Amino acid sequence: VQLVESGGGLVQAGGSLRLSCAASGFTYDDYAIGWFRQAPGKEREGVSCLSGTDDSTYYAKSVKDRFTISSDKAKNTVTVVLQMNSLQPEDTAVYYCAAVEGPEYYSGSCETEYDYWGQGTQVTVAS
């Protein structure tokens with residue numbers, strides 16, 4: 001599975017950004033894709049994840065009602081978008097796209113062990 005991230009950048013507090021992850025190379029029909037972030041000196045956390053099987057989703061409490069995850073399934077590529085609104089300085093982090101696939105069902109949980117990771121994209125929110 002290959003993951004190519006785009007988006008990110010610098011934005012003022014209260015602004016919006018859109019992250020996109022193009023995922024390809026899935027072997028199985030069941031998979032999950034998620035967005036994670038890691039701020040300096042902090043542990044990586046799951047931001048929002050989505051099931052490729054039934055589109056169930058998960059949002060961290062800190063981003064619920066501000067971020068929206070969605071997917072667009074084409075023939076060989078799945079594009080997962082994380083729309084981030086009302087951004088705050090505490091949202092500053094490197095954001096990573098991750099995926100997992102297999103013969104079993106994957107829910108939209110970010111607690112799943114994700115096997116494939118993108119290179120990361122920086123999101124900086126200025127106060």
Side-chain angles (χ1 to χ4, degrees):
V1 176
Q2 295 79 44
L3 304 171
V4 179
E5 301 152 341
S6 60
L10 173 64
V11 66
Q12 295 293 316
S16 299
L17 282 174
R18 180 183 174 99
L19 303 182
S20 182
C21 175
S24 60
F26 286 111
T27 302
Y28 297 94
D29 291 334
D30 291 304
Y31 61 88
I33 299 178
W35 285 97
F36 297 75
R37 67 186 181 186
Q38 188 164 22
K42 294 187 177 181
E43 292 188 356
R44 186 175 63 200
E45 65 169 336
V47 175
S48 182
C49 297
L50 177 147
S51 168
T53 304
D54 60 11
D55 292 329
S56 60
T57 58
Y58 162 86
Y59 293 94
K61 287 183 180 179
S62 59
V63 307
K64 196 171 178 61
D65 298 327
R66 297 190 298 124
F67 291 10
T68 302
I69 191 170
S70 61
S71 69
D72 180 21
K73 302 174 185 178
K75 183 177 180 181
N76 296 312
T77 301
V78 178
T79 300
V80 176
V81 171
L82 185 68
Q83 178 66 42
M84 306 185 294
N85 299 328
S86 300
L87 283 162
Q88 300 301 317
E90 52 265 35
D91 295 315
T92 295
V94 177
Y95 283 70
Y96 298 91
C97 177
V100 61
E101 65 162 353
E104 66 268 35
Y105 167 72
Y106 289 99
S107 71
S109 171
C110 288
E111 297 298 322
T112 302
E113 185 174 346
Y114 284 74
D115 296 324
Y116 306 96
W117 293 83
Q119 76 281 5
T121 185
Q122 177 70 45
V123 170
T124 302
V125 184
S127 58

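Index from 1, following the sequence. It should be emphasised that the depicted structure is a prediction, and the values quoted were computed from it without experimental measurement.
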Closest contact, heavy atoms only, Ala99 versus Val1: CB-CG1, 4.2 Å
May I have the list of side-chain donor-acceptor pairs in residues 103-111 shorter than 3.5 Å, sequence neighbours left out?
from	atom 1	to	atom 2	distance (Å)
Glu104	OE2	Tyr106	OH	3.1
Tyr105	OH	Asp54	OD1	3.4
Tyr105	OH	Asp54	OD2	2.6
Tyr106	OH	Glu101	O	3.3
Ser107	OG	Ser109	N	3.3
Ser109	OG	Glu111	N	2.9

Looking only at heavy atoms, the pair that brings Glu5 and Gly118 closest together is OE2-CA, 3.3 Å
Would you check if the side chain of Thr79 reaches a backbone N or O of Ala22 as a donor-acceptor pair within less than 3.5 Å? no
If you look only at pairs with a residue in residues 80-89, which of them pass as a side-chain hydrogen bond (donor to acceptor under 3.5 Å, both in side chains), with sequence neighbours excluded? Ser16-Asn85, Gln83-Asn85
Apply side chain to side chain contact (heavy atoms under 4.5 Å, CB included) to the pair Gln119 and Leu3, showing each step before the final yes or no. CA-CA 8 Å; Gln119 76 281 5; Leu3 304 171; over 6 Å; no
Check for a donor-acceptor pair, side chain of Tyr59 on one end and backbone N or O of Arg66 on the other, with a separation under 3.5 Å. no
Atom OG1 of Thr68 and atom CZ of Arg18: how far apart are they, to the nearest 0.5 Å? 10.5 Å
Taking Val11 as the fixed residue, which of Asp91, Leu17, Thr124 is the one that meets the side-chain contact (heavy atoms from CB on, under 4.5 Å) rule? Leu17
Should Met84 and Val63 count as side-chain neighbours, where that means a heavy-atom distance under 4.5 Å? no
Take Asp55 and Lys73, measure what side chain to side chain contact (heavy atoms under 4.5 Å, CB included) needs, and give me the verdict at the end. CA-CA 11 Å; Asp55 292 329; Lys73 302 174 185 178; 3.7 Å; yes
Nearest-0.5 Å distance that lies between atom OH in Tyr96 and atom SG in Cys21: 13.5 Å
Got a second to check how far Leu50's CG is from Ser48's OG, nearest 0.5 Å? 7.0 Å
Between Leu19 and Gly8, the two heavy atoms sitting closest are CD2-N, 3.1 Å
Using residues 23-36 as the side-chain source, report each donor-acceptor pair under 3.5 Å to any protein atom, sequence neighbours left out, with the distance given to one decimal.
from	atom 1	to	atom 2	distance (Å)
Asp30	OD1	Thr53	OG1	2.6

Of all the heavy-atom pairs spanning Ala13 and Ser127, show the shortest one and how long it is. CB-CA, 4.3 Å
